[in-house]
Amino acid sequence: MSLLYGAYSPGTPRRARGPFIVLEGISGIGKSTLARVLAARLNAGTLHTVPDFYMPWAPVMNAHTRALPQFAFYLSGALHASDIVRRHLAQGPVVSDRYVSSVLAYHSAVHELDLAQVTALLAPFRTYFAPPDRTFYLRCTDRTLHNRMARKKDRNQDDHDMITVPGRLERLRANFDKVAANDPTAVIIDTDDRTPGELADIITRHLTEPST
Ligand SMILES: Cc1cn([C@H]2C[C@H](O)[C@@H](COP(=O)(O)O)O2)c(=O)[nH]c1=O
């Protein structure tokens with residue numbers, strides 16, 4: 001039995017019309033642009049994990065709290081994102097810019113923790129999360145990241161740290177690779193030299209193929 005019952009269970013899902021698509025990857029890679037293009041194509045609802053109203057708290061939590069309260073903050077954001085997803089899925093497709101994999105990959109990378117330890121910390125909550133149909137892990141080379149970062153309008157402290165804290169970018173990339181390797185919904189996409197429209201073509205083609 002799940003540990004999450006009563007008020008802690010996600011409730012009976014309404015008939016999902018789906019699909020539920022997740023975009024994952026390091027900051028600046030182009031997830032939010034691609035989410036917009038995909039949402040327009042699929043007539044999908046979109047959201048960001050953590051949800052937008054959490055975002056003003058993120059720098060405050062990062063600056064003032066230690067690892068476990070920070071984890072609880074991002075976990076809370078992902079749980080709430082899941083509630084939003086379930087609500088949207090009753091209407092049609094949903095595209096999420098980040099989801100549970102970002103919580104694992106970022107928390108482990110930022111605090112230099114073993115990914116397996118962070119995965120175990122999240123495990124009791126797994127049953128709450130609306131499962132994605134496909135999770136697209138976006139990858140790019142340093143050159144592409146540099147060019148895309150230069151164009152990113154909402155660059156924040158996390159983006160600065162990702163580039164300047166020794167080893168942060170490498171840890172993030174390695175963590176996303178490890179999370180993807182254990183994710184049955186994972187599809188890895190190299191985004192270099194591809195426009196958002198071309199990436200949306202690749203993704204929509206994947207959605208018409210049966211998952212393995
Ligand atoms: C979901 C999540 C995001 N983050 C970071 C990644 C990004 O730097 C930032 C979200 O901003 P972004 O999605 O606009 O890049 O929050 C964490 O540190 N931990 C998490 O669990």
Side-chain angles (χ1 to χ4, degrees), residues 20-39 46-85 94-115 117-126 128-130 132 135-140 144-165 167-176 178-180 183 191 196:
F20 172 29
I21 300 152
V22 173
L23 304 179
E24 288 285 12
I26 54 176
S27 199
I29 202 162
K31 295 180 299 301
S32 56
T33 308
L34 180 55
R36 273 196 300 277
V37 173
L38 265 178
T46 55
L47 72 151
H48 181 253
T49 301
V50 294
D52 292 340
F53 74 87
Y54 277 71
M55 287 308 285
W57 279 89
V60 183
M61 295 300 288
N62 294 349
H64 296 290
T65 66
R66 293 185 59 201
L68 191 57
Q70 268 184 51
F71 177 77
F73 169 77
Y74 286 107
L75 172 66
S76 166
L79 292 168
H80 182 59
S82 208
D83 288 334
I84 298 172
V85 169
V94 178
V95 178
S96 186
D97 173 353
R98 300 193 183 281
Y99 195 48
V100 186
S101 301
S102 276
V103 179
L104 297 175
Y106 269 84
H107 191 71
S108 156
V110 168
H111 296 281
E112 300 189 32
L113 293 164
D114 180 13
L115 184 60
Q117 189 186 8
V118 182
T119 306
L121 201 54
L122 187 129
F125 304 93
R126 273 281 176 200
Y128 196 92
F129 292 114
T135 303
F136 294 95
Y137 290 85
L138 309 181
R139 291 208 294 214
C140 74
T144 301
L145 182 64
H146 182 81
N147 292 339
R148 290 182 189 164
M149 264 296 176
R151 292 199 300 267
K152 191 170 187 266
K153 290 193 195 76
D154 56 348
R155 249 182 298 165
N156 57 26
Q157 183 64 41
D158 286 349
D159 297 337
H160 181 260
D161 292 348
M162 182 175 82
I163 306 297
T164 57
V165 174
R168 172 79 55 93
L169 180 57
E170 292 73 19
R171 281 195 297 277
L172 276 171
R173 283 191 162 127
N175 283 353
F176 274 118
K178 282 189 214 158
V179 174
D183 178 352
T191 66

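For the numbers below, each heavy atom of this structure counts, side chains included, while hydrogens, waters and symmetry mates do not. None of the values given here were measured: they were computed from a predicted structure. Whatever order the structure lists ligands and atoms in, that order sets their numbers, starting from 1.
- Here the closest non-hydrogen pair linking S101 and D183 is OG-OD2, 4.2 Å.
- Aromatic ring centroids of H111 and F71 lie 6.0 Å or more apart.
- The ring-ring contact (aromatic ring centres under 6.0 Å, His included) test with F73 is passed by exactly one of Y106, W57, Y54: Y54.
- At the top of the distance list for atom 6 (C) of ligand 1, counting protein heavy atoms only, stands Y106 CE2, 3.3 Å.
- Of the protein's non-hydrogen atoms, the one nearest atom 11 (O) of ligand 1 is M55 CE, 3.8 Å.
- Distances from atom 14 (O) of ligand 1 to the heavy atoms of H107, H160, H48 show the closest one on H48.
- Below 3.5 Å of separation, one finds an N or O of R98 facing an N or O of ligand 1.
- Residue H146 places its NE2 atom among 12 or fewer non-hydrogen atoms of other residues, nucleotides or ligands, all under 6.0 Å distant.
- Listed here is the closest heavy atom pair of D159 and D154: OD2-O, 3.9 Å.
- The proximity of M162 to ligand 1, defined as any non-hydrogen pair under 4.0 Å, does not occur for either the backbone or the side chain.
- Of all atoms in ligand 1, numbered sequentially from 1 with element shown, those under 4.0 Å from a heavy atom of T49 are 1 (C).
- Summary of contacts: the protein heavy atom closest to atom 4 (N) of ligand 1 is Y74 CE2, 3.7 Å.
- In the vicinity of S27, heavy-atom distances shorter than 4.0 Å reach the ligand 1 atoms 15 (O).
- When atom types are taken as modelled, the side chain of K31 and the backbone of G25 share a donor-acceptor pair closer than 3.5 angstrom.
- For atom 8 (O) of ligand 1, the candidate residues are V103, I26, D158; the nearest heavy-atom contact is made by D158.
- Tested against V179 for a side-chain contact (heavy atoms from CB on, under 4.5 Å), the candidates T119, L104, V103, T135 yield a single pass: L104.
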